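To keep things clear, I will list the structure first and then write my remarks on it.
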Amino acid sequence: MAPTQFVSAYKQLQQAFSARPSDPKKCASLLASLKIALSELGLLVPMGEASLEDMVMARDVLEIGAFFSIRSRDIPSFDRYYSQLQTYYNDYKCVPYTVLPPSPREYPIRGLYLIRLLTQNRIADFHTTLESLPLAADSLTANPYIQHPVNLERWLMEGSYSKVWKAREEAPAEEYRFFVDSLMETIRNEIASCEEAAYESLPLKDAGTLLFFTSQSELLSFAKQRGWQVNLTAGTITFAKKGEEKIEIPKEKLIAANLALARELEQIV
């Protein structure tokens, strides 16, 4: 792709991504072409020889790709875009490299990655990534894109699941809600396992409240996945109980072994 074609495709991508509603097919097609062009132009992993303008455009393409991946529910793609952006975010903020101007998308993307780590229960990686951010501690707490995942992590550790649920509506960007929903799926399964162990049955309403469902249809779908029995007439859910494993004890062998041991002890004495 020639430089002029690259600039044209870049502008088309900006328009397609910013449109409301956006054009997913066009975005996907343009991103595929532009990533090949970035590789050909040496901008996918820049070595410091490109112009400032080209590097800013390349960073924009990768950032749009990261957001588009979340909107498309393609999380492995988001991970790849995040990895590729690290060179732009970390290396090109100081000499001897070209110093890039700050990107308004940088911390929204960094915040998304932090929540991504929470969905994988990678708490150690979460704290390592948080500590490596190029911001002072007071600046981090003032940044809404970073404060949101920090709060989520604290509430998860506290078991304050209702706060995690409410955080979905307080997300600083639309893409954050996808990962909060993923967290809630994990939380629901943990709560469901506790319910199965603690109760034989529960009223539908109570079960829905405990699992943070806002509609009965969502609860019924979840119950079906868990193998629960639902009685709509009585308004109850009966939890599937795992049958107790029967362990067969080899009585005759144990008796024979004990007798043999007793004989040997008598001979020793």
Side-chain angles (χ1 to χ4, degrees), residues 1-93 97-120 122 129 144-146 148-149 168 171-185:
M1 184 183 290
T4 53
Q5 292 176 311
F6 176 80
V7 173
S8 175
Y10 164 68
K11 290 180 178 179
Q12 290 180 54
L13 175 64
Q14 284 185 311
Q15 293 174 354
F17 182 74
S18 302
R20 291 292 179 270
S22 60
D23 188 337
K25 289 185 178 180
K26 189 172 184 179
C27 284
S29 176
L30 287 167
L31 279 169
S33 300
L34 283 166
K35 284 198 72 176
I36 294 172
L38 289 178
S39 181
E40 293 173 345
L41 296 170
L43 291 169
L44 199 59
V45 183
M47 303 303 292
E49 299 176 355
S51 68
L52 179 63
E53 183 181 5
D54 286 346
M55 292 186 69
V56 169
M57 285 193 293
R59 184 183 64 186
D60 283 352
V61 169
L62 295 176
E63 288 177 334
I64 290 173
F67 280 114
F68 181 75
S69 297
I70 301 298
R71 294 183 185 181
S72 304
R73 307 294 192 261
D74 187 352
I75 308 309
S77 176
F78 170 78
D79 290 340
R80 290 192 293 271
Y81 278 113
Y82 183 83
S83 178
Q84 290 161 347
L85 281 165
Q86 293 316 292
T87 300
Y88 286 94
Y89 289 159
N90 299 327
D91 297 340
Y92 288 89
K93 285 191 172 182
Y97 298 108
T98 303
V99 179
L100 291 176
S103 167
R105 296 190 183 104
E106 177 179 350
Y107 281 93
I109 290 174
R110 287 188 182 277
L112 280 168
Y113 184 70
L114 285 171
I115 304 181
R116 161 69 169 151
L117 294 175
L118 291 179
T119 63
Q120 297 175 295
R122 293 165 58 186
T129 302
Y145 300 104
I146 303 302
H148 191 263
R168 186 184 187 280
E174 180 65 29
E175 288 79 9
Y176 278 57
R177 295 185 178 186
F178 170 74
F179 282 133
V180 176
D181 287 344
S182 295
L183 277 176
M184 286 308 303
E185 288 180 17

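Only heavy atoms go into these numbers, but all of them, side chains included; no hydrogens, no water, no symmetry mates. The structure presented is a predicted model; accordingly, all values stated were derived computationally and were not measured. Positions are given from 1, in the same order as the sequence printed here.
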Atom of [X], atom of [Y] and distance for their closest heavy-atom approach:
| X | Y | value |
| --- | --- | --- |
| Leu43 | Met55 | CD2-CG, 4.2 Å |
| Ile146 | Arg110 | CD1-CB, 4.3 Å |
| Pro144 | Pro172 | O-CG, 3.8 Å |

Apply salt bridge (charged side-chain N to carboxylate O under 4.0 Å, His left out) to Asp181 and list each qualifying residue two or more places apart in sequence or on a separate chain.
-> Arg168
Please name all residues satisfying salt bridge (charged side-chain N to carboxylate O under 4.0 Å, His left out) with Arg80, sequence neighbours left out, ordered by chain then number.
->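 Checked Arg80 against salt bridge (charged side-chain N to carboxylate O under 4.0 Å, His left out); zero matches.
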Residues in side-chain contact (heavy atoms from CB on, under 4.5 Å) contact with [X], at least two apart in sequence or another chain:
| X | answer |
| --- | --- |
| Leu44 | Lys35, Leu38, Ser39, Leu62, Gln84 |
| Glu174 | Arg177 |
| Gln120 | Arg116, Leu117, Arg122 |

Distance, nearest 0.5 Å, that separates CE of Met57 from CG of Leu52 |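 Reported value, rounded in 0.5 Å steps: 10.0 Å.
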Distance (rounded to the nearest 0.5 Å) between Ile64 CD1 and Leu13 CG = 4.0 Å
Heavy-atom distance under 4.5 Å between the side chains of [X] and [Y], does that happen here?
| X | Y | result |
| --- | --- | --- |
| Ile75 | Ile70 | yes |
| Tyr82 | Leu112 | no |
| Ile115 | His148 | yes |
| Tyr89 | Ile109 | yes |

Checking side-chain contact (heavy atoms from CB on, under 4.5 Å) for the pair Tyr113/Phe78: CA distance, chi angles, key distance, verdict?
-> CA-CA 9 Å; Tyr113 184 70; Phe78 170 78; 4.1 Å; yes
For a quick test of your reading: what N or O donor-acceptor pairs under 3.5 Å do the side chains of residues 22-30 make, sequence neighbours left out?
| from | atom 1 | to | atom 2 | distance (Å) |
| --- | --- | --- | --- | --- |
| Asp23 | OD1 | Lys25 | N | 3.4 |
| Asp23 | OD1 | Lys26 | N | 3.2 |

Using ring pair (Phe, Tyr, Trp, His ring centres under 6.0 Å) as the criterion, list what pairs up with Phe17, not counting sequence neighbours.
-> none
What residues, two or more places apart in sequence or in another chain, satisfy ring pair (Phe, Tyr, Trp, His ring centres under 6.0 Å) together with Phe178?
->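 By the ring pair (Phe, Tyr, Trp, His ring centres under 6.0 Å) rule, Phe178 matches no residue at all.
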Those residues that, when tested against Gln14, pass side-chain hydrogen bond (donor to acceptor under 3.5 Å, both in side chains) (two or more places apart) |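 Only Tyr10 meet the side-chain hydrogen bond (donor to acceptor under 3.5 Å, both in side chains) criterion with Gln14.
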Those residues that, when tested against Ser77, pass side-chain hydrogen bond (donor to acceptor under 3.5 Å, both in side chains) (two or more places apart) |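 Expected list: Ser69.
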All pairs passing salt bridge (Lys or Arg N to Asp or Glu O under 4.0 Å) where residues 56-66 contributes a residue, at least two apart =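 Residue pairs with at least one partner in residues 56-66: Asp60-Arg105, Glu63-Arg105.
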In sequence, state the C-alpha distance, the side-chain angles, and the governing distance for Leu118 and Phe179, and then conclude on side-chain contact (heavy atoms from CB on, under 4.5 Å).
-> CA-CA 9 Å; Leu118 291 179; Phe179 282 133; over 6 Å; no
Is the side chain of Tyr176 donor-acceptor paired with the backbone N or O of Tyr145 at a distance under 3.5 Å, no angle test?
->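 Yes: the side chain of Tyr176 pairs with the backbone of Tyr145.
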